**Student:** 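So that we are looking at the same thing, I have put the structure below in structure tokens.
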2 protein chains.
Amino acid sequence: MTIKEVCEKYNLKPDTLRYYERVGVIPEVTRTGGGIRDYQEEDIKWVEIAVCMRDAGVPIEMLIEYVKLFKQGDETFEARANLLKEARARIVEARKKYDTALERLDYKISRYELAMKTGVLTWE
Amino acid sequence: MTIKEVCEKYNLKPDTLRYYERVGVIPEVTRTGGGIRDYQEEDIKWVEIAVCMRDAGVPIEMLIEYVKLFKQGDETFEARANLLKEARARIVEARKKYDTALERLDYKISRYELAMKTGVLTWE
DNA sequence: ACTTGACTTGGAGTTTACTCTAAGGTGTAT
DNA sequence: ATACACCTTAGAGTAAACTCCAAGTCAAGT
């Protein structure tokens with residue numbers, strides 16, 4: 001799979017994928033004889049993880065750390081698990097804040113709906 | 001309430017609050033005769049909204065737009081409601097991605113827990 | 001009155017995560 | 001073999017959201 005195809009699949013720009021590889025968010029991608037990236041299933045799995053985690057706000061640095069540990073082999077199972085647990089905790093925290101904001105927005109929107117009928121905006 | 005006190009309350013830096021005011025994320029804050037910020041209840045409400053929305057990833061630009069509309073008065077109820085609805089939709093979308101990431105993390109973590117017992121890491 | 005610490009402004013600097021540019025190589029269809 | 005689109009790298013540039021700095025002002029305590 002070419003870089004373009006992978007980008008289309010995950011809605012990324014080629015520059016982003018090259019950047020991910022360069023800084024180590026994903027391991028080195030398989031290449032053709034001529035040096036052109038040819039993403040294998042394994043490579044695509046890594047892209048998928050990266051995209052999924054980035055979409056949940058996991059910082060680049062954390063993903064780089066994970067790939068680093070992965071490359072060090074089986075000695076790092078625990079370290080990797082801990083890293084994932086930390087990422088998990090962060091996402092749970094962020095999600096709580098999203099819920100708070102949603103509640104607040106729902107209340108405000110309902111007040112505006114009312115105000116659009118009565119002409120008067122009131123709180124609480 | 002001084003800028004420092006408000007910052008302590010919401011875990012912000014004074015520079016952040018001044019920045020919010022400067023770019024219009026919150027309206028102008030009440031000042032003492034000497035020109036020093038003295039946050040009133042009303043001012044603090046705005047800070048609270050800003051923090052809450054920022055924590056949910058609502059961009060600065062959107063908050064600025066909201067304050068702009070607010071300043072224009074009662075003609076903008078609908079526009080404000082629409083803005084809030086858009087913010088809401090974005091947060092809902094982002095939250096979905098957080099849920100996906102959490103599922104994925106839970107699966108991975110469980111696999112690592114297993115691997116730490118068996119010594120072998122396997123997927124699916 | 002004077003020290004001390006917190007406040008003010010305008011503007012420059014930083015961080016994170018891309019995103020673009022220039023100069024050149026690859027590969028496939030005519 | 002010659003376009004042509006697409007690929008490569010190194011390195012520079014950008015956007016968003018702060019964050020810091022310098023130079024000066026304000027206010028509370030002694």
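Keep in mind that this is a model prediction, so the values were computed, not measured. So that the names make sense, note that chain A is the first sequence line, chain B the second, and so on, each numbered from 1.
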**Student:** So if you build clusters from Ile, Leu, Val, Met, Phe, Trp, Tyr with side-chain heavy-atom gaps below 4.5 Å, do A/V6 and A/I36 land together?
**Tutor:**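 Shared cluster, no.
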**Student:** Which is more 5' along DNA chain D, the nucleotide nearest B/D15 or the one nearest A/G34? Just name the residue.
**Tutor:**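 Nearest nucleotide further toward 5': that of A/G34.
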**Student:** Using a 4.0 Å cut-off on heavy atoms, which residues in residues 36-52 of chain A reach DNA chain D? List them by number, or say none.
**Tutor:**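 Only A/I36, A/R37 qualify.
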**Student:** Would you kindly give the CD1-to-C1' distance between B/I3 and D/dC20, to the nearest whole Å?
**Tutor:**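 Result: 14 Å.
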**Student:** Grab the OH-P distance between A/Y19 and D/dA10 for me, whole Å please.
**Tutor:**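 Nearest whole value for this atom pair: 15 Å.
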**Student:** Which pair of heavy atoms, one from A/M62 and one from A/A87, lies closest together, and at what distance?
**Tutor:**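 For A/M62 versus A/A87, the nearest heavy atoms are CE-N, 3.4 Å.
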**Student:** Rounding to an integer number of Å, can you tell me how far A/M62 CE sits from C/dT15 P?
**Tutor:**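 Taking CE of A/M62 and P of C/dT15, I get 20 Å after rounding.
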**Student:** Are A/T32 and C/dG27 close enough that a side-chain N or O sits under 4.0 Å from OP1 or OP2?
**Tutor:**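 Affirmative; the distance criterion is met.
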**Student:** Within this structure, what is the NZ-to-P distance between B/K13 and C/dT15, rounded to whole angstrom?
**Tutor:**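 Value for this atom pair: 11 Å.
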**Student:** Are A/T16 and C/dA17 close enough that a side-chain N or O sits under 4.0 Å from OP1 or OP2?
**Tutor:**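 Answer is no, no contact under 4.0 Å.
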**Student:** Could you tell me the separation between the CZ atom of A/R31 and the P atom of D/dC7, rounded to a whole number of Å?
**Tutor:**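 In whole Å, D/dC7 P lies 12 Å from A/R31 CZ.
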**Student:** So what does B/R54 hit on the nucleic acid, given a heavy-atom distance under 4.0 Å: a base, only sugar-phosphate, or nothing?
**Tutor:**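 Sugar-phosphate contact only.
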**Student:** Indicate, with yes or no, if B/Y66 and B/I60 share a hydrophobic cluster defined by side-chain heavy-atom contacts under 4.5 Å among Ile, Leu, Val, Met, Phe, Trp and Tyr.
**Tutor:**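 Yes, it is one cluster - the side chains of B/I60 and B/Y66 are joined through contacts under 4.5 Å.
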**Student:** Calculate the interatomic distance between B/I64 atom CD1 and D/dA17 atom C1'; express it in whole Å.
**Tutor:**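 Answer to the nearest Å: 10 Å.
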**Student:** Does D/dC18 have its OP1 or OP2 closer than 4.0 Å to a side-chain nitrogen or oxygen of B/Y20?
**Tutor:**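 For D/dC18, OP1 or OP2 has a side-chain N or O of B/Y20 closer than 4.0 Å.
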**Student:** Categorize A/P14 for me: base, sugar-phosphate, or nothing, with a 4.0 angstrom heavy-atom threshold over every strand shown.
**Tutor:**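 Counting heavy atoms under 4.0 Å across all strands, no contact is made by A/P14.
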**Student:** If you take all heavy atoms of A/L12 and A/V51, which pair is closest and at what distance?
**Tutor:**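 Smallest interatomic distance, heavy atoms only, reads CD1-CG2, 3.8 Å.
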**Student:** Where does the angle between the aromatic ring planes of B/Y112 and B/W123 fall among parallel (under 30°), tilted (30 to 60°) and perpendicular (over 60°)?
**Tutor:**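 B/Y112 vs B/W123 ring planes: perpendicular.
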**Student:** Reckon B/R18 touches a base, only the sugar-phosphate, or nothing at all at heavy-atom distances under 4.0 Å?
**Tutor:**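 Base, at least one base atom sits under 4.0 Å.
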**Student:** Roughly how many Å is it from CZ in B/R22 to P in D/dC20, rounded to a whole number?
**Tutor:**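 It works out to 14 Å between those atoms.
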**Student:** Does any donor atom in the side chain of A/D38 or A/T32 lie under 3.5 Å from an acceptor atom in the other side chain?
**Tutor:**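 No, no side-chain donor-acceptor contact under 3.5 Å.
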**Student:** If Ile, Leu, Val, Met, Phe, Trp and Tyr residues are connected whenever their side-chain heavy atoms lie under 4.5 Å apart, and connections chain through other members, are B/Y98 and B/V92 in the same group?
**Tutor:**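 Yes: a chain of side-chain contacts under 4.5 Å links B/Y98 to B/V92.
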**Student:** Could you check how far CG of A/L63 sits from P of C/dT16, rounded to whole Å?
**Tutor:**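 After rounding, the gap between these two atoms is 14 Å.
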